[in-house]
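These notes concern the structure reproduced below.
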Number of protein chains: 2
Amino acid sequence: MELDHFDRQLLNLVQEDASLTADQLSDSVALSVSAIQRRLKRLRASGVIMRETAMVDPKRIGGSTFYVVALQVERERPELLTQLRRWLTDEPHVQQAFYVTGEADFVLIVTAPDTETYDVLMTRMVSENANIRRFTTNVALGLVKRGSAIPVPVEVS
Amino acid sequence: MELDHFDRQLLNLVQEDASLTADQLSDSVALSVSAIQRRLKRLRASGVIMRETAMVDPKRIGGSTFYVVALQVERERPELLTQLRRWLTDEPHVQQAFYVTGEADFVLIVTAPDTETYDVLMTRMVSENANIRRFTTNVALGLVKRGSAIPVPVEVS
DNA sequence: ATTGAAACTTCGCAGTT
DNA sequence: AACTGCGAAGTTTCAAT
C-alpha cells in the first residue's frame, strides 16, 4: 500500500492528536472533509494506523513511576524466549519491550505505582521465566518526554 | 480530583482503545451513555487524559527503527540541562526521554528510518548540546510490545 | 466533491441518593 | 449538592451519487 503526500501529513497529525475531526484536519491538509475521512478509514483498515490510545497523566492516577529495565537472558533455548515474549506482552505493567543489540537482550519500560509493586512484579517475572539471567533497573526520576509518534517524512516533491 | 471506580474502568479501557464510543463503553461500564460521555469529557478537561494519539505501524511507513539510547551528561551545569531537556522535547525523532537513576542520566527512545539518519541526528544532538559526555546506543531488532497504557487499579469495592 | 442519512456527542431538565 | 438517566439539538461520520 502506497502512502502519498496527504496520507503522510495526516499520519503526522493524528499521531499528535487522534481526536482531531476530519473537519479540523482539513485546515492543515488541503483536502475535502470526505476525502480525509476516506483516507483515515483506509489507513485504519489497512493497519497503517494500528490503534488509537488515550494517554493518561501518571501523577493523576496514583503516581505511577517508570522503570527502565535492561534484561539479559540465556540465549540457548529459543522456546523459552517465545514464552518470555508472551509473558511481556501479557503483563500490563510492561508498557514497552524492545529486543535489542548490545549487552542487554531486552529493554523494558515498566510502570508501577511504587517500588514494592515493582519488586513483586520483577520477582514474578524471574520466577515465571526460567531463562532470565539478570536484569538491571533504572528508575525514572523524571519524564522529559512521552509519546509514540514516528515522524513520517512528507515528500517535498 | 477524585477518581472513582467508574473513572478507573474507563481509563483502562480508553488507554487500550480511544476510539471506543460511549455506547460501546457502556457494555463494560454499567453506566448510561451520557454518564460515560460526561466523565470522559471531565477526564479530558481536567488533564487526567492528557491526549489521544494514533499509533502507526513502523513497518508501513518506511521501516522506522527504534534505538534505545543511554545518555551521560556533565552534571555541573544546570542551565545546560534545561536546554537539553528542551532539545529532546522539540526533536520529533526522540519519542521518549526519561531522566533516570544509575549510570546513565537519561534514557531515550529514538526512532529513525535508517542508521544514517540516526547517526546524523545523534551528531547534531552532541554538537548542539555542550554538556553531553557520552552515549551508548542499543538498536532494537524487534518490537515485542509497544504501548503507553498505565494500569489503573480498579478498587475491589 | 456534494449531498442526505446514520451515528455519535452535547446539553438541559427532572428525578435520586 | 452532585450525579444519574432521558431526550432533543447539534456535530461528525458514512455512503451513494
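Everything quoted here is computed from the prediction, not taken from an experiment. Convention: sequence-line order gives letters A, B, ...; per-chain numbering from 1.
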(message) Can you measure B:Leu31 atom CG to C:dT16 atom C1' for me and round it to whole angstrom units?
(response) 14 Å
(request) Return the value, rounded to whole Å, for the distance between atom CD of B:Gln24 and atom P of C:dA7. (result) 13 Å
(request) Measure the distance from CZ on B:Arg42 to C1' on D:dA2 and round it to the nearest whole Å. (result) 10 Å
(request) Could you state the atom-to-atom distance from CG of A:Leu43 to P of D:dT13 in whole Å? (result) 15 Å
(message) For B:Gln96 and A:Gln96, which I'm curious about, is there any donor-acceptor pair between the side chains at under 3.5 Å?
(response) yes
(request) Among D:dC14, D:dG5, C:dT9, find the nucleotide with the atom closest to the side chain of B:Thr21. (result) C:dT9
(request) Using atom CD1 of A:Ile36 as one end and atom C1' of D:dT13 as the other, report the distance to the nearest whole Å. (result) 13 Å
(request) State whether a side-chain donor-acceptor pair under 3.5 Å links A:Tyr118 with A:Thr111. (result) no
(request) Go through D:dT13, D:dC14, C:dT9 for me and flag the one nearest to the A:Lys41 side chain. (result) D:dC14
(message) So, OP1 or OP2 of D:dC14: does either fall under 4.0 Å of a side-chain N or O from A:Gln37?
(response) no
(request) Grab the CE-P distance between B:Met1 and D:dA2 for me, whole Å please. (result) 13 Å
(message) Rounded to whole Å, please give me the gap between CG in A:Leu20 and C1' in D:dT13.
(response) 15 Å
(message) Is there a side-chain contact between A:Ile150 and A:Gln15 in this structure, where contact means two heavy atoms from C-beta onward sitting under 4.5 Å apart?
(response) yes
(message) Starting the side chain at C-beta, find the nucleotide from D:dT13, C:dA1, C:dT2 nearest to A:Arg38.
(response) C:dA1
(request) Identify whether the distance between the nearest side-chain nitrogen and carboxylate oxygen of A:Lys145 and B:Glu91 falls below 4.0 Å. (result) no
